[in-house]
Structures are given as C-alpha cells and as structure tokens.
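Letters A, B, ... are given to chains in the order of the sequence lines, protein chains preceding strands, and every chain is numbered from 1.
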2 protein chains.
Amino acid sequence: MPGATVNAIPTRARILYASAELFRRQGYAATGLKQIAAESEATLGSVYHFFPGGKQQLADEVLRVGGRFFLALYETIAAGAVDLVSAVRDFFDGAGQTLLATGFADACPIATVAGEIASTNEVLRAAVADTFESWLDALAEDAVEAGIEADRARALALSVLALLEGAFLLSRSLRSLEPMRSCADSAVALVSAALADSREASRR
Amino acid sequence: MPGATVNAIPTRARILYASAELFRRQGYAATGLKQIAAESEATLGSVYHFFPGGKQQLADEVLRVGGRFFLALYETIAAGAVDLVSAVRDFFDGAGQTLLATGFADACPIATVAGEIASTNEVLRAAVADTFESWLDALAEDAVEAGIEADRARALALSVLALLEGAFLLSRSLRSLEPMRSCADSAVALVSAALADSREASRR
DNA sequence: GTCTATAGAGAGATAGAC
DNA sequence: GTCTATCTCTCTATAGAC
C-alpha cells in the first residue's frame with residue numbers, strides 16, 4: 001500500500017472517542033456536534049455520514065461502547081486480583097488515580113449523561129439501563145463465584161456500584177479524593193461482611 | 001388591602017421553584033430560560049429583572065436554596081427518628097417514595113446539575129460543593145452525637161451520601177426502587193457497624 | 001467519504017414602552 | 001415590576017459539490 005498512512009485512526013472511531021470524552025465531562029445537552037467535529041478533526045458532514053440518526057444515535061453508541069470498555073476494565077482488574085475484596089479495592093483505587101490524572105474530569109463514562117436524560121429521553125435511558133445492568137451482572141457473578149448467595153450478590157453489586165457513582169460525583173464536585181477513598185473503604189467493608197456471612201451460613 | 005390577592009406566590013419565588021424542578025430533572029444546559037419563564041408563568045423580562053446575572057445566577061441560587069431545603073428535610077426526619085439508624089432508614093424510604101410518586105423524576109435537587117458543570121463552570125461547582133459540605137456536616141454531626149469518633153463520622157457521612165446519590169442515579173436510570181432499597185440496607189449496615197465499633201471502643 | 005454552505009429553530013441576553 | 005420585540009449567536013440537521 002504505497003503512500004497509505006498505516007494505523008491512522010479511522011474517522012468514525014475518532015468521532016466516537018471525542019464524543020465519549022465530551023459527553024462524560026460536559027453532558028449531552030452542553031456538547032454540540034460542531035464541537036465534536038472539531039475535537040475529532042472531522043467535519044460535520046462526516047459526523048452525519050457515520051451517524052445519520054444524528055446526536056441521539058451518536059450518544060446511544062457512545063453510551064454502549066463506553067459501557068463495554070468500562071466493563072472490560074473491571075474484568076481485567078478483577079482477573080488480576082487475588083479475591084473479590086482486592087478486585088473492588090483495586091478498581092476504586094484506579095478510579096481515584098484517573099480522577100487525579102485528569103483534574104477530576106474523567107469519572108464514570110455514562111453517569112453525567114445518565115442523570116440528564118433519565119427523565120427526558122427514553123432511547124438514551126434504555127442504553128444507560130442496559131449498560132448499568134451489564135456491570136451489575138458482572139459484579140454479582142463474581143460475588144456468587146466467591147460464595148455469596150444470588151440475591152445477596154445482586155444487592156451487594158447495587159450498593160458497590162452506587163458507592164462508586166456517588167464517589168465519582170462527590171469527588172468531582174469537591175475536587176478531592178476523600179470521598180473516593182471513604183467509599184472504597186465502605187465498599188470493601190460491605191463485600192467483606194457479605195463474604196463473612198456466606199462463610200458462616202455454609203458452616204451450618 | 002381591598003382587591004389584593006392574599007397569599008399569591010411572588011414572581012421571584014415562582015421562578016426559583018420552576019427552575020429548581022426543571023434543573024433537577026433535565027439539567028442545566030437542557031433547560032432554557034424561556035421554558036423557565038413559561039413554567040413559572042412569568043415573562044423573560046421578569047426573569048432578568050430578578051436575576052440580572054442571567055442563567056448562571058439563577059442556577060447558583062437554585063442550587064443553594066434547594067440544598068438548604070433538602071438539608072431541612074433531613075433535619076426534620078432526623079428529629080423525628082429515635083436514633084441515627086432510623087433517621088437514615090427513614091430518609092432513604094422518603095427518597096424512594098418521592099421517586100415513585102414523581103415517576104422517577106425528582107431525586108437529588110442538585111445532582112444532575114452537579115455532574116454537568118463539575119468540570120466546566122467553577123461558580124456553579126462551588127455552589128454544589130458548599131451544598132454537599134453542608135449536608136456532610138449535618139450527617140457527621142449527628143454521627144458524632146451518637147458516639148462515633150469525628151474522623152469516622154466524616155467518612156461515614158461521605159459513604160452514606162454517596163450511597164444515596166448512587167441510588168438516585170441507578171433508580172432513575174433503571175426505573176426501579178430496587179437500587180434505593182439495597183442502598184438503604186447498606187447505609188443502615190454501615191451506620192450500625194460504626195455505632196458497634198464506637199461502643200466497643202468506649203468499653204475498653 | 002469529505003467538505004462547505006445554509007436552512008430553520010431556539011438559545012441567552014438586552015432595550016424600552018407601559 | 002411586567003411585558004414585547006429584537007439582537008446576535010449557536011444549535012441540529014440537510015443539500016449538494018467534489
């Protein structure tokens with residue numbers, strides 16, 4: 001392929017990446033398609049070429065792709081951890097490091113948009129709900145594998161994810177890692193308590 | 001005062017109230033001043049008459065006033081509860097009831113805006129941070145009065161508030177009270193554990 | 001696939017009559 | 001204090017040349 005620029009990032013991917021960054025930082029309504037085009041070094045025409053459904057289609061895809069990426073990040077960290085407690089601890093630690101490295105800008109890939117559109121855009125709310133459920137399934141599955149009963153595992157997953165989302169919002173708002181650190185401790189405590197209960201139950 | 005309409009709600013208050021409702025449901029960027037004027041049955045001129053600083057000044061005031069109202073709600077509930085565990089339980093229950101009664105629209109009065117502007121509007125971020133801190137102070141103060149040591153009380157307050165904020169986001173997104181219920185249980189568990197630890201420490 | 005130009009609607013903000 | 005008219009800007013979306 002003479003003259004071809006090898007490994008150049010395709011336009012569609014650049015648009016998705018830039019959109020993901022802008023949506024998570026500024027939200028859906030505050031981010032314009034022109035800003036996305038500029039940030040991704042594409043033209044408005046290209047944005048509509050790849051996403052004929054306009055802003056909503058673009059956001060739908062950003063939420064789902066970003067959600068899968070975040071899930072993969074959790075699974076990678078969990079695979080490298082010795083147990084569920086370490087996995088949760090490591091994930092919260094990584095979230096805190098990312099917050100610090102980005103000036104408290106990059107937190108959850110979907111939370112900012114989720115809050116905005118939950119009551120006003122059913123298409124995007126469904127994308128958010130599907131994504132949250134996929135995370136909850138992964139967390140609960142790991143909890144079940146660690147010996148926690150299924151209902152308890154689901155409740156635990158909900159609380160751990162809520163702690164993470166709440167910590168993201170508080171740490172971004174207060175510009176401090178203190179909320180993330182306290183919530184990491186609490187998430188670890190909840191997981192530990194659930195594990196202790198399951199061990200006690202199996203002893204009977 | 002012949003002919004005076006007694007107890008008519010003043011225009012300024014109507015604007016604040018309508019803004020609070022729209023901002024918390026749709027966010028800052030998605031809510032227009034014309035929509036606020038229409039919803040509050042005022043004119044655009046009146047909005048700028050009372051809030052010459054425009055949209056940002058209006059939002060700043062909405063965040064602070066809404067935050068004080070939410071704090072007062074907590075304090076009322078806490079005053080009527082027999083202990084800290086009941087206070088937390090009752091507050092989460094009330095939050096769930098409001099979510100259900102409003103079709104999962106009315107959650108935290110500041111969270112939606114907080115997520116949007118944390119990285120882009122320093123004035124509003126400061127209003128959000130001040131408000132969160134006032135809630136954390138109230139919660140931690142009650143924890144200290146219940147016998148929990150100050151540092152632990154602060155960490156507990158951060159986790160309980162994060163659980164509440166995370167539960168709001170998840171319940172709105174999934175359109176289910178399940179996250180709110182699980183997070184209520186976890187918040188109660190965290191408070192109970194802190195109280196048990198403080199009793200054990202004072203016994204030594 | 002990429003790019004420019006532009007339509008049409010709506011935004012925030014202002015001026016000035018009443 | 002209230003209201004209308006309007007300025008200017010930006011938004012989403014589309015059309016069509018290349």
| With B/Ala143, which residues qualify under side chain to side chain contact (heavy atoms under 4.5 Å, CB included), at least two apart? | B/Leu84, B/Ile148, B/Ala153, B/Leu156
| message | Using a heavy-atom cut-off of 4.0 Å across all strands, would you classify B/Gly45 as base, sugar-phosphate, or nothing? | response | base
From C-beta outward on [X], which listed nucleotide comes closest to its side chain: [options]?
X	options	value
B/Thr11	D/dA13, C/dA13, D/dT2	D/dT2
B/His49	D/dA13, D/dT2, C/dT2	D/dT2
A/Phe50	C/dG1, D/dT14, D/dT4	C/dG1
A/Leu33	D/dA13, C/dA13, D/dT2	D/dA13

| query | So how far off straight is the helix from C/dG1-D/dC18 to C/dC18-D/dG1, going by the axes through five pairs at either end, to 10°? | reply | 0°
| said: If the cut-off is 4.0 Å, is A/Thr43 near the phosphate of C/dT2, judged by side-chain N/O to OP1 or OP2? | reply: no
| Closer than 4.0 Å, any side-chain N/O of B/Ser46 to the OP1 or OP2 of D/dT2? | yes
| Relative to each other, are the rings of A/Phe70 and A/Phe91 parallel, tilted or perpendicular (30° and 60° limits)? |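 Perpendicular: the ring planes of A/Phe70 and A/Phe91 meet at over 60°.
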| task | Could you tell me which residues satisfy side chain to side chain donor-acceptor pair (under 3.5 Å) with A/Thr31, sequence neighbours excluded, listed by chain and number? | result | A/Gln26
| remark: dist A/Leu22:CG -> A/Gln35:CD (nearest 0.5 Å) comes out at 4.5 Å
